[in-house]
Amino acid sequence: MAATVLVVEDDDGIAMPLVRTLQREGYDVERVAEGRAAVARARTGNLDLVILDLGLPDLDGLDVCRTVRADGYTGGILILTARGGELDRVVGLDVGADDYMAKPFGLAELLARTRALLRRSERSAAAAEPADETGVRIDGTARRVWVGEHEVPLTTKEFDVLALLAEVRGAVVTRDRLMDEVWDSNWFGSTKTLDVTVGRLRQKLEEHEAPARVVTVRGVGFRLEDGPGDA
């Protein structure tokens with residue numbers, strides 16, 4: 001079944017070529033021009049990826065991103081924006097985006113990042129994790145995580161990082177490996193995105209009182225180990 005991609009862009013000059021390019025790649029593509037319409041569409045489900053412009057006429061794209069994540073959308077979010085600064089990139093990732101491209105962008109690079117986001121989602125879904133000794137249950141098929149009876153809402157990248165750490169729990173996963181496997185070798189942005197994602201993941205585990213924590217090994221990477229989240 002073809003992946004469903006929602007393009008949220010009010011500029012026809014950008015949206016139409018992008019929609020046509022994605023359709024030629026075999027994706028089912030929908031397009032809306034306003035943030036409220038994007039939020040409403042995400043709530044109906046069956047979306048694999050949202051390509052989201054920040055400069056929308058009704059809502060700021062960051063608010064759209066924050067809202068759809070709060071509503072439970074766990075698929076990929078790729079932000080498109082004329083705001084190219086490092087601070088804006090980190091803020092976008094902090095509210096739940098998975099990737100970030102500054103305008104003007106090349107369609108070939110956008111397609112590469114689209115494929116990478118969808119590929120990682122498929123790969124994570126292929127490996128279901130039963131309940132383990134950390135007390136955190138990871139269902140790779142449904143891409144859902146529970147602590148006891150309570151589900152922990154994670155974004156695509158947060159889930160992928162946790163799943164990779166859980167595969168070798170107790171062992172250190174290097175920053176390079178996390179960037180290569182979760183963000184892919186096509187990622188050209190700052191590695192601060194990894195720290196932002198780990199910080200969000202750590203906070204969510206702590207908020208749910210998970211009997212596991214993500215520990216930073218300075219200069220090397222991270223590991224998942226038993227214990228309360230105080231690292």
Side-chain angles (χ1 to χ4, degrees), residues 69 74-79 84-102 109 112-113 115-140 143-147 152-231:
R69 288 303 190 201
T74 58
I77 297 179
L78 170 59
I79 281 179
E86 177 77 11
L87 178 60
D88 287 316
R89 178 179 293 111
V90 171
V91 170
L93 295 165
D94 198 38
V95 297
D98 298 297
D99 204 345
Y100 192 110
M101 292 188 69
E109 182 183 349
R113 295 196 183 194
R115 287 191 294 268
L117 282 171
L118 293 171
R119 184 169 60 246
R120 282 191 293 274
S121 295
E122 291 170 358
R123 184 177 62 197
S124 296
E129 284 279 336
D132 58 48
E133 62 264 31
T134 66
V136 178
R137 182 161 60 91
I138 303 172
D139 184 338
R143 295 182 61 81
R144 301 172 73 180
V145 174
W146 287 269
V147 173
V152 183
L154 298 181
T155 67
T156 300
K157 287 293 192 293
E158 292 163 4
F159 180 91
D160 290 341
V161 168
L162 179 61
L164 183 54
L165 294 174
E167 284 180 9
V168 290
R169 52 185 176 269
V172 177
V173 180
T174 66
R175 295 177 65 89
D176 286 344
R177 181 181 174 190
L178 283 163
M179 291 301 299
D180 287 345
E181 296 196 25
V182 175
W183 276 266
D184 181 290
S185 59
N186 289 312
W187 171 255
F188 301 109
S190 169
T191 58
K192 287 184 179 179
T193 60
L194 171 59
D195 298 300
V196 170
T197 301
V198 169
R200 291 197 314 256
L201 172 60
R202 182 178 287 147
Q203 180 180 358
K204 290 178 180 181
L205 291 175
E206 291 174 359
E207 288 173 349
H208 286 77
E209 299 181 348
R213 58 181 180 176
V214 178
V215 176
T216 301
V217 180
R218 295 192 182 278
V220 182
F222 305 91
R223 68 172 177 264
L224 183 69
E225 63 179 38
D226 295 340
D230 58 3

Nearest non-hydrogen partners of [X] and [Y], listed with the distance:
X	Y	answer
T155	R69	CG2-NE, 3.4 Å
G76	D98	CA-OD2, 3.1 Å
V136	A212	CG2-CB, 3.9 Å
P211	V147	CD-CG1, 4.0 Å
V217	R223	CG2-NH1, 3.3 Å

Exceeds 12 heavy-atom contacts within 6.0 angstrom, atom CD of E209: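 Not buried by this count: 12 neighbours or fewer within 6.0 Å.
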
side-chain contact (heavy atoms from CB on, under 4.5 Å) partner of F222, chosen from L194, L201, L164: L194

Nearest 0.5 Å, what's the [atom1]-[atom2] distance between [X] and [Y]?
X	Y	atom1	atom2	answer
R175	D195	CZ	CG	4.0 Å
L78	T156	CG	OG1	11.5 Å
R202	L162	CZ	CG	12.0 Å
E167	I138	CD	CD1	9.0 Å
T174	M179	OG1	CE	11.0 Å

Pairing of R113 and E109 as salt bridge, 4.0 angstrom limit: yes

Does the side chain of [Y] come within less than 4.5 Å of [X]'s, by heavy atoms?
X	Y	result
M101	I79	no
K157	L178	no
L224	R213	no

Audit row: R169, E225, salt bridge (Lys or Arg N to Asp or Glu O under 4.0 Å) steps and yes/no: CA-CA 6 Å; R169 52 185 176 269; E225 63 179 38; over 6 Å; no

side-chain hydrogen bond (donor to acceptor under 3.5 Å, both in side chains) evaluation trace for T74 with R144: CA-CA 9 Å; T74 58; R144 301 172 73 180; over 6 Å; no

